[in-house]
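Reviewing the structure listed below.
Keep in mind the model is a prediction, meaning the values are calculated, not measured. We count residues from 1, following the sequence as given. Whatever order the structure lists ligands and atoms in, that order sets their numbers, starting from 1.
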Amino acid sequence: MRRKLAAGNWKMNGVSASLDELKSLAGTHADPSVDVLICPPATIVQSAAQTVDNTPISIGGQDCHAESSGAHTGDISADMLRDAGATAVILGHSERREDHEESSEMVRAKARSAQASGLTAVICLGESLAQREAANTLDIIAGQLAASLPDNSTAENLVIAYEPIWAIGTGKVPTLAQIGEVHDFIRTRLERRFGAGVGRGVRILYGGSVKPDNAADIFRVPNVDGALVGGASLKASDFSPIIKALEESA
Ligand code: PEP
């Protein structure tokens with residue numbers, strides 16, 4: 001059985017005052033039946049981890065360098081995230097693939113480093129609108145899966161987030177059938193590559209305009225093991241009903 005996961009990506013939002021949202025979330029979800037992960041900006045990873053210490057909420061980063069240390073001004077290593085209290089890191093988000101020209105090969109190198117440091121790599125995949133309209137979605141996903149995932153991944157240190165680029169922050173959401181088609185495809189590819197045990201154990205999240213009012217429907221789709229949520233994870237009052245919908249689907 002895969003334990004469901006509600007993950008929040010705060011992106012470049014959040015300062016010390018935002019820790020109040022975390023406190024509120026931890027207060028409402030003292031004993032959740034699903035995993036809850038919040039990925040705040042790097043500047044508050046440590047204080048966020050301290051804020052949720054002794055609660056079931058985990059903290060993650062939003063990116064890491066492929067090297068564990070060295071002359072890389074402005075970058076952050078997986079070891080540093082781990083040292084700050086993170087247990088996971090989002091890698092290959094489409095905004096990083098676009099803004100920083102990150103290739104799938106770079107994402108794999110980062111994921112290897114994250115896993116070696118004891119972090120779970122939450123690897124994002126997804127097609128653009130043009131790719132979907134050209135009926136290339138599954139080819140794009142297959143290519144990203146093949147090139148972005150480290151070979152020795154396990155069900156514990158790998159999470160996949162399927163995030164159609166055109167659905168991120170736009171309010172547009174694929175149909176449930178479209179989500180199901182891609183999640184089933186990812187599951188099949190994971191089983192083929194890693195074997196049935198690992199392939200069936202890796203969690204596959206859906207991401208892209210998940211909100212309190214559409215979460216329950218999305219969570220009913222087979223092979224959707226939770227969500228990676230951007231905008232609606234910033235406020236506890238928005239993220240909390242999404243967590244509850246996931247608990248009800250479990
Ligand atoms: C994201 O950026 O990972 C995301 C899913 O954003 P939003 O929920 O705001 O679409």
Side-chain angles (χ1 to χ4, degrees), residues 4-14 18 21-22 25 34-42 44-45 48 58-64 86 88-100 102 104 107 110-111 114 119-129 131-132 137 140-141 144-145 148 158-176 178-179 182-183 186 203-219 221 223-246 249:
K4 309 266 178 182
L5 170 61
N9 173 14
W10 283 9
K11 311 192 187 194
M12 199 171 71
N13 301 292
S18 318
E21 297 296 331
L22 266 185
L25 206 60
V34 300
D35 289 342
V36 180
L37 170 72
I38 295 289
C39 301
I44 55 169
V45 162
S58 305
I59 298 299
Q62 297 176 12
D63 178 52
C64 70
V89 59
I90 298 170
L91 294 170
H93 191 283
S94 59
E95 288 154 12
R96 290 207 62 87
R97 288 180 188 260
E98 197 176 314
D99 295 357
H100 300 271
E102 285 187 7
S104 290
V107 173
K110 290 175 177 215
L119 298 178
T120 297
V122 181
I123 298 184
C124 303
L125 318 165
E127 81 286 0
S128 67
L129 189 55
Q131 289 163 338
R132 174 159 285 278
T137 298
I140 294 295
I141 298 298
Q144 290 176 340
L145 277 171
S148 307
L158 176 66
V159 170
I160 303 293
Y162 167 55
E163 299 206 306
I165 298 169
W166 51 276
I168 295 177
T170 58
K172 292 183 192 148
V173 180
T175 65
L176 300 182
Q178 287 172 327
I179 294 174
V182 178
H183 279 242
I186 293 172
R203 291 174 290 184
I204 308 173
L205 311 183
Y206 168 75
S209 296
V210 176
K211 306 285 176 208
D213 61 358
N214 63 16
D217 286 341
I218 293 169
F219 294 152
V221 177
N223 277 317
V224 171
D225 302 311
L228 179 56
V229 182
S233 70
L234 293 172
K235 295 263 166 240
S237 55
D238 289 331
F239 199 42
S240 188
I242 294 174
I243 295 170
K244 284 193 185 123
L246 188 59
S249 78

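Heavy-atom distances between A167 and ligand 1 reach below 4.0 Å in at least one pair. A heavy-atom separation below 4.0 Å is found between K11 and ligand 1. Under a 4.0 angstrom heavy-atom cut-off, G169 registers as being in contact with ligand 1.
K110 has a carboxylate O that lies under 4.0 Å from a charged side-chain N of D63, or vice versa, which qualifies the two as a salt bridge. Between R132 and E127 there is a salt bridge, with a side-chain nitrogen of the basic residue lying less than 4.0 Å from a carboxylate oxygen of the acidic one.
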For this session: Take S18 and E21, measure what side-chain hydrogen bond (donor to acceptor under 3.5 Å, both in side chains) needs, and give me the verdict at the end.
Result: CA-CA 6 Å; S18 318; E21 297 296 331; over 6 Å; no

For this session: Assess whether side-chain hydrogen bond (donor to acceptor under 3.5 Å, both in side chains) is satisfied between S148 and R97, documenting all intermediate values.
Result: CA-CA 11 Å; S148 307; R97 288 180 188 260; 3.2 Å; yes

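At the top of the distance list for atom 3 (O) of ligand 1, counting protein heavy atoms only, stands E163 OE2, 2.7 Å. Regarding atom 9 (O) of ligand 1, its nearest protein heavy-atom neighbour is G231 N, 2.9 Å. In terms of protein heavy atoms, atom 4 (C) of ligand 1 is closest to G230 N, 3.5 Å. Atom 1 (C) of ligand 1 has as its closest protein heavy atom H93 NE2, 3.2 Å.
Looking at N9 against ligand 1, only its side chain comes within 4.0 Å, counting heavy atoms.
Nearest approach of L91 to C64, heavy atoms of both residues: CD2-N, 3.7 Å. Scanning both residues, I59 and P40, for their nearest heavy atoms gives CG2-CD, 3.8 Å.
Set against the non-hydrogen atoms of G208, the atoms of ligand 1 under 4.0 Å away are 5 (C), 10 (O).
Checking only distances, S209 does come within under 3.5 Å of ligand 1, N or O to N or O. Looking at T170 next to ligand 1, no N or O pair under 3.5 Å apart turns up.
The distance from the CG atom of D225 to the CD1 atom of I160 is 11.0 Å, given to the nearest 0.5 Å.
Note on ring orientation: taking the six-membered ring where Trp is involved, the planes of Y162 and H183 are perpendicular (angle over 60°, cut-offs 30° and 60°).
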